[in-house]
Participant: 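Quick one: structure below, then a few questions.
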Amino acid sequence: MDVSYIFEDLNEPQRDAVAAEPGPLLVLAGAGSGKTRVLTYRVAWLVQAQQCSPLSIMAVTFTNKAAREMRGRIEKLLGFPVGGMWMGTFHGLSHRMLRSHAQDAGLPATFEILDSDDQLRMIRRVLKELNLDEGYWPPRQIQWTINGHKEEGRRPHDLSDSHDPQVQVLHKIYSNYQALCQRFGLVDFAELLLRALELMQNNERIRNTYQDRFRHILVDEFQDTNSIQYRWLKLFADKHKNITVVGDDDQCVYSWRGAQVENLRKFEKDFPGAQTIRLEQNYRSTEIILNAANAVIDQNQGRFGKTLWTEGEKGEPIQLYAAFNEVDEARFVIDRIKSWVGQGNQRSSCAILYRSNAQSRVFEEVLLDVGMPYRVYGGLRFFERAEIKDALAYMRLISNPHSDAAFERVVNVPTRGIGNKTLDQIRARAREKQQSLCNAAVELLQSGLPPRATQSVQRFLQLMDDLRKSAEGHELAEIADLVINRSGLIEHYRKEKGERAEARVENLEELVSAARNFRHDEDDELDELSSFLAHAALEAGEGQAEEWEDCVQLMSLHSAKGLEFPLVFLTGMEEGLFPHQRSMEEPGRLEEERRLCYVGMTRAMQQLVMVYAEVRRLHGREHYTSPSRFLSEIPHEHIQEVRSPMISRAVVRRYDKSDSAGQSVNGIKLGSRVRHNKFGDGTVLNLEGRGESARVQVNFEDVGSKWLVLAYTSLHAI
DNA sequence: TACTATTTAATTTTT
DNA sequence: TTAAATAGTA
């Protein structure tokens with residue numbers, strides 16, 4: 001077998017990583033240093049040079065997209081398909097295990113996956129059963145708490161007793177929620193991982209089987225793993241210790257979701273003798289961009305430490321534009337794109353990046369205005385859309401009549417006269433007799449409901465019966481078609497007017513195509529319909545139908561991770577927006593913002609343009625802003641300030657560039673310590689306006705954060 | 001049940 | 001400002 005290509009295509013550290021001896025290996029891969037390349041080549045090397053069977057390899061990613069791409073690249077390298085190799089997301093692989101060992105995992109064979117939306121509904125239901133007020137117990141927060149517990153591997157019974165009544169109630173909600181899920185055979189995202197982990201821990205036979213089978217484990221984006229994922233990996237790798245993790249501590253931007261950069265350090269400790277290889281040669285950006293990004297990220301403490309370098313061109317300086325306001329910002333950016341495109345470049349080679357999604361609006365308005373095609377990433381994905389979830393719920397009821405979540409979702413969608421009162425009766429009956437809503441509804445028909453309700457419920461049950469009968473022996477796509485037509489769903493939206501309704505009809509039609517394109521795996525434990533439903537829950541699909549038109553790309557900095565563009569605009573470079581206000585209170589969060597900035601800057605291949613607005617309208621108020629601290633962390637020689645085309649700009653400009661850290665009023669500036677004669681001591685978080693209307697936000701030690709108008713308050717620096 | 005008025009809160013989101 | 005959730009009304 002000629003494997004020389006493996007060495008020809010790679011630089012030295014890459015080669016070392018790809019051909020490292022078996023054993024624990026940590027690859028610290030800087031942005032654009034070819035980490036996916038290393039991962040795929042290492043798999044190819046294992047198979048071709050080490051004669052490993054693809055069956056003995058597991059590769060784990062965070063997204064389905066990454067898994068698909070990796071599989072494709074590996075197959076291309078090897079020249080043959082590697083179907084037997086386990087390659088997928090933590091959730092996908094866990095799901096696969098649980099399907100194979102449902103009974104051992106304490107789950108019914110027909111268990112269903114709850115996505116976060118379904119989970120929220122479930123929590124609402126628990127709150128209702130416990131007679132708790134949603135205003136006081138926000139479902140989202142509870143969802144966050146429960147998932148947090150699960151991600152740390154804590155079951156309700158693991159929680160220590162608390163004397164705090166608040167905490168007691170939270171525990172109660174968690175344990176009721178869990179009991180309800182167990183009763184209905186429902187598994188949420190975090191549960192997939194926790195169950196799979198517990199299955200391995202508690203069942204020696206299964207543990208041995210998997211530990212023996214997977215002689216090699218490879219992990220992508222390791223810096224984003226949370227506690228449960230780390231424990232999951234550690235257990236899988238426990239026997240052979242052949243685990244390759246690839247990650248970049250400087251690109252950890254999901255710690256708010258439980259990602260623990262510390263896992264990188266932990267890895268070194270838990271796998272003694274682990275080899276560490278750094279990939280620092282960058283193949284993406286110009287030297288100036290890299291130097292600037294290096295300088296910014298260098299401000300963070302406790303890094304593993306990497307310095308990106310390139311053999312490529314020095315490139316153009318980073319351009320910085322101080323826009324008058326957010327509209328000027330958008331005009332400037334789009335003007336620049338126009339001239340870029342005029343030079344023969346593609347629109348799709350430009351990305352407009354921002355910290356928060358709301359910022360896309362102004363850009364969209366201007367793009368629409370000048371008639372330039374664009375694509376916004378983010379927002380609801382295909383399988384998350386309400387109308388699609390409705391249709392899927394019908395399909396779930398066909399597959400499993402006793403799915404309460406599905407029943408609740410569509411029993412009155414479109415409205416068919418089964419209101420809250422009737423539903424409450426059904427729910428009460430179901431709870432009392434410990435049966436599914438469907439069965440409760442059937443029984444209630446006998447024991448007397450008001451005539452109107454009886455008729456409506458009967459009609460619904462009849463509909464489901466018909467659907468179930470008609471579905472038998474039909475193709476998936478036909479079932480989908482049947483469901484959207486006979487349920488009245490599509491008719492319901494056809495009658496509605498407006499663009500939204502039109503889009504919904506289109507989406508429902510698209511669902512039929514999605515069903516047609518779905519390829520059911522022969523040796524799947526599930527029948528085609530159930531398998532499709534699981535697929536829909538685990539892979540939310542694209543945000544928009546694939547647009548082939550050449551489009552400007554708009555997305556949040558988070559969504560940009562992993563992508564690259566010749567021309568990148570980092571917009572909204574203002575204190576309070578980026579770094580975001582809510583991240584400035586804790587130093588840890590600030591460092592994460594800085595990593596996000598690093599991620600954003602390193603997306604750019606040829607030209608990076610940074611923009612901030614001196615005045616920004618936010619939540620209906622105008623704010624005077626100061627330039628982001630990240631801008632001042634970039635060495636001056638790399639920055640070229642772009643002057644406004646309008647002469648008046650010089651007049652409009654109000655601040656001194658050399659003091660870009662921010663304005664100062666009466667010696668009070670951002671971050672300074674102040675004393676108030678009522679509120680005590682605190683730290684200045686924010687400053688806006690000037691003169692009489694100058695206001696400051698102060699985080700007081702005793703009373704928390706407050707906005708004060710300087711003119712009316714006795715505040716002084718200490 | 002559907003429509004309208006009012007209130008509320010406003011980062012980021014791989015599964 | 002705005003979108004979404006809630007409450008109130010026809």
Participant: Heavy atoms only, 4.0 Å cut-off, all strands: where does A:Asp224 land among base, sugar-phosphate and nothing?
Facilitator: base

Participant: Under a 3.5 Å limit for both distances, which nucleotide forms a Watson-Crick or G-U wobble pair with B:dT13, could you say?
Facilitator: none

Participant: If pairing requires Watson-Crick or G-U wobble contacts with both distances under 3.5 Å, which nucleotide is the partner of B:dT7?
Facilitator: C:dA4

Participant: Under 5.5 Å centre to centre and under 30° between planes: does that hold for A:His558 and the six-membered base ring of B:dT12?
Facilitator: no

Participant: Base, sugar-phosphate alone, or nothing: which one does A:Arg595 contact when heavy atoms must sit under 4.0 Å apart?
Facilitator: nothing

Participant: I'd like to check the salt bridge (Lys or Arg N to Asp or Glu O under 4.0 Å) partners of A:Glu502; sequence neighbours left out, ordered by chain and number.
Facilitator: none

Participant: Does A:Phe62 stack onto the base of B:dT15, taking stacking as ring centres under 5.5 Å apart and planes under 30° apart?
Facilitator: no

Participant: Counting the atoms with a prime plus P, OP1 and OP2 as sugar-phosphate, which does A:Asn147 contact under 4.0 Å by heavy atoms, base, sugar-phosphate, or nothing?
Facilitator: nothing

Participant: When the nearest nucleotide of DNA chain B is assigned to A:Trp256 and to A:Ala190 on a heavy-atom basis, which residue is associated with the more 5' position?
Facilitator: A:Trp256

Participant: Take a 6.0 Å sphere around NZ of A:Lys234 and say whether it holds more than 12 heavy atoms from other residues, nucleotides or ligands.
Facilitator: no

Participant: Map A:Arg582 and A:His492 onto DNA chain B by nearest heavy atom, then report which one ends up closer to the 5' terminus.
Facilitator: A:His492

Participant: Under a 3.5 Å distance rule, please check whether A:Arg71 uses its side chain to pair with a backbone N or O of A:Met85 as donor and acceptor.
Facilitator: yes

